[in-house]
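So the structure is just underneath, and the comments pick up after that.
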There are 2 protein chains.
Amino acid sequence: MSAANLRARVRAEMTEEIKRVARRHLATDGANLSLRAVARDLGMASSAVYRYFASRDELLTALIIDAYDAVGDAAEQAAAAAPTPLDKWLAACHAARDWALANPPEWALIYGSPVPGYQAPQDTVVPATRVLLLLGATLAEAHRGGLVAERSLITGGFADELVPVAASFYPDLPARVVADTLAAFFQLCGAISAELFGQLNKSIEQDRRGFFEFQMRGAANQAGLT
Amino acid sequence: MSAANLRARVRAEMTEEIKRVARRHLATDGANLSLRAVARDLGMASSAVYRYFASRDELLTALIIDAYDAVGDAAEQAAAAAPTPLDKWLAACHAARDWALANPPEWALIYGSPVPGYQAPQDTVVPATRVLLLLGATLAEAHRGGLVAERSLITGGFADELVPVAASFYPDLPARVVADTLAAFFQLCGAISAELFGQLNKSIEQDRRGFFEFQMRGAANQAGLT
DNA sequence: CCACAACGAGAGCAGTGCTCTTGCAATCTT
DNA sequence: AAGATTGCAAGAGCACTGCTCTCGTTGTGG
């Protein structure tokens, strides 16, 4: 049955090869990468690429899902290797930052401004939440272990909206901690994007990692994790 | 001498008109707006636009500077009308968010992923720092009034890098507060971008403003401002 | 063995940023 | 006021883009 697999195998390899070259082009062209340029690099006609991806957006979607999974993998592995919840927290944050620094255009693709005219399909929402869920799981573990300090209750309607959404993942987590998880995740994204997109242009050159950890310790502290 | 002003006046109006139409196109096309489409909307040849902006990037730069100034104005005015430092802080944050919600593509232009191939010229750095400087000034004022709580000293080389940069703006502000100002600014950007770019897609629908204020109060609290 | 589906290549369409040339109107100089 | 100069708008054109269609070819399942 090797003959039966030939086409499928070649197709899979070709798909991966296209994505690899597209990732390379992402570095220079950003979100508006040129399908023709990718095809040219592969020595094939541009129309042939459409046998593998129905449109440029579909190729972008594949890259986006891969990126979400890559940063999710990195963060989860780093967290798994750390002993305490706070260590897991910091390890996950650093892993996300390290991945972003190693793959800037892909970070921009998933956490930067949305590509104009591109509508993210449903396939992307699950991988997109992995890092957030990891932070939440870390906080939930710490909460079960009594490591999350109590703080003032939150006021406002957003807590009532947030709890039912989080209930399926962390049934026993108070609304305040859920809100802090989401806030911390946004802070993580903000810190990495700011560094990556040049917001702290010349203010900190050397110890950017230290400043990042300062911020993430602040986020953990704000959530009550010590 | 009205004749002498005619050309200059028409040119200024035309420049403003081009930017206005370009801003409108920004909403649909994002950063890769079409100069030809802008020209078409204005009823002129695409080549004529090049009399006003040497390239698409130069037009983008003009829009970026305008956007920085607009959000800076909004935040400064809001802060000026507030009594206490914490009120100023929250007012500035809400003003920035309100502006972003009213002008999403322009927010994406300045705080989203950088436009591929676009190198921000030097003209943009001063207006880009206005909101950050406003947060710093608010904290500095609170610090002079003894309203900033003392916290643990920061460790790491980033403090030594940060202080000389901040010294020209806030001579008497401790390194810890400077670091918290920068962190808070990143948190502000992260919170707005996350909301705007769809990160909290379906988790909070109604009280997004409340959740934003929750985050910004957290940032202020983290900086020691109560 | 053969029908069929998958595939690659090429031409073609409408659109893009940008340049160059051409003609015209406004401004400055004498 | 006449002439020189400059600013401006328009059009053609180049190289590029995403995408579609058609046409041979080649691997695959019945």
Side-chain angles (χ1 to χ4, degrees), chain A residues 1-19 21-22 24-64 109 114-119 121, chain B residues 1-19 21-22 24-64 109 114-119 121:
Chain A
M1 286 297 179
S2 70
N5 294 346
L6 203 159
R7 269 237 165 108
R9 214 180 53 225
V10 166
R11 182 178 180 84
E13 285 175 10
M14 202 65 194
T15 305
E16 213 54 43
E17 189 68 20
I18 292 175
K19 287 201 287 185
V21 176
R24 225 172 47 211
H25 274 80
L26 219 56
T28 63
D29 300 342
N32 47 12
L33 58 82
S34 161
L35 246 169
R36 290 182 111 113
V38 171
R40 216 178 301 129
D41 272 23
L42 289 165
M44 68 199 304
S46 68
S47 56
V49 180
Y50 285 83
R51 299 280 173 193
Y52 299 89
F53 296 96
S55 68
R56 199 181 119 257
D57 278 9
E58 198 170 284
L59 172 57
L60 274 180
T61 299
L63 295 179
I64 286 173
L109 202 59
V115 181
Y118 171 81
Q119 194 66 9
Chain B
M1 284 301 180
S2 72
N5 294 344
L6 201 159
R7 270 240 162 106
R9 213 180 53 224
V10 167
R11 181 178 181 86
E13 284 174 11
M14 202 66 194
T15 305
E16 212 55 42
E17 189 67 21
I18 292 174
K19 287 201 286 187
V21 176
R24 223 172 49 211
H25 275 79
L26 218 57
T28 63
D29 300 343
N32 47 11
L33 58 83
S34 161
L35 247 170
R36 289 182 112 114
V38 172
R40 215 178 302 129
D41 272 24
L42 289 165
M44 67 199 303
S46 68
S47 55
V49 180
Y50 285 84
R51 295 278 168 191
Y52 299 88
F53 297 96
S55 67
R56 202 181 113 255
D57 278 10
E58 199 170 283
L59 173 58
L60 275 179
T61 299
L63 295 179
I64 285 173
L109 202 59
V115 181
Y118 172 80
Q119 194 66 11

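A, B, ... follow the sequence lines: proteins, then strands. Residue 1 opens every chain. Small disclaimer: the values here were computed from a predicted structure and weren't measured.
Taking a 4.0 Å limit (strictly below) on heavy-atom distances, residues 45-60 of chain B reaches DNA chain C at B:Ser46, B:Ser47, B:Tyr50, B:Ser55, B:Arg56.
With rounding to the nearest 0.5 Å, the separation of CE in B:Met44 from OH in B:Tyr52 is 5.5 Å.
The CG atom of B:Asp29 sits 13 Å away from the P atom of C:dG15 (whole-angstrom rounding). For the pair A:Glu17 CD and C:dG8 C1', the interatomic distance rounds to 16 Å; values are reported in whole Å. Look at NE2 on A:His25: it is 15 Å from C1' on D:dG18, rounded to the nearest Å. Here C:dG15 presents its P atom at 16 Å from CG of B:Leu35, a figure rounded to the nearest Å. Rounding to whole angstrom units, CG of residue B:Asn32 and C1' of D:dC16 are separated by 15 Å. Residue B:Glu13 contributes atom CD, which lies 17 Å from atom C1' of D:dA9 at whole-angstrom precision.
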Distance-only check: which donor-acceptor pairs under 3.5 Å involve side-chain atoms of residues 53-61 of chain A, not counting sequence neighbours?
from    : atom 1 : to       : atom 2 : distance (Å)
A:Ser55 : OG     : A:Asp57  : N      : 3.4
A:Ser55 : OG     : A:Glu58  : N      : 3.3
A:Arg56 : NE     : A:Leu33  : O      : 3.2
A:Arg56 : NH2    : A:Ala31  : O      : 3.2
A:Glu58 : OE2    : A:Ala54  : N      : 3.2
A:Thr61 : OG1    : A:Asp57  : O      : 2.9
A:Thr61 : OG1    : A:Tyr118 : OH     : 2.6

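Which of D:dC19, C:dA9, D:dA9 sits closest to the side chain of B:Met44 comes down to D:dA9.
A donor N or O paired with an acceptor N or O is not found under 3.5 Å between the base of C:dG15 and the side-chain atoms of B:Arg36.
In this structure, A:Ser34 does not reach the D:dC16 phosphate: none of its side-chain N or O atoms is under 4.0 Å from OP1 or OP2. For D:dC8, the OP1/OP2 oxygens have a side-chain nitrogen or oxygen of B:Arg11 closer than 4.0 Å.
Residues forming a salt bridge (charged side-chain N to carboxylate O under 4.0 Å, His left out) with B:Asp41 (at least two apart in sequence, or on another chain): B:Arg24. With sequence neighbours excluded, no residue forms a side chain to side chain donor-acceptor pair (under 3.5 Å) with A:Glu16. With sequence neighbours excluded, no residue forms a side chain to side chain contact (heavy atoms under 4.5 Å, CB included) with A:Arg51.
Here salt bridge (Lys or Arg N to Asp or Glu O under 4.0 Å) pairs that include residues 29-40 of chain B, with residues two or more places apart or in two chains, number zero.
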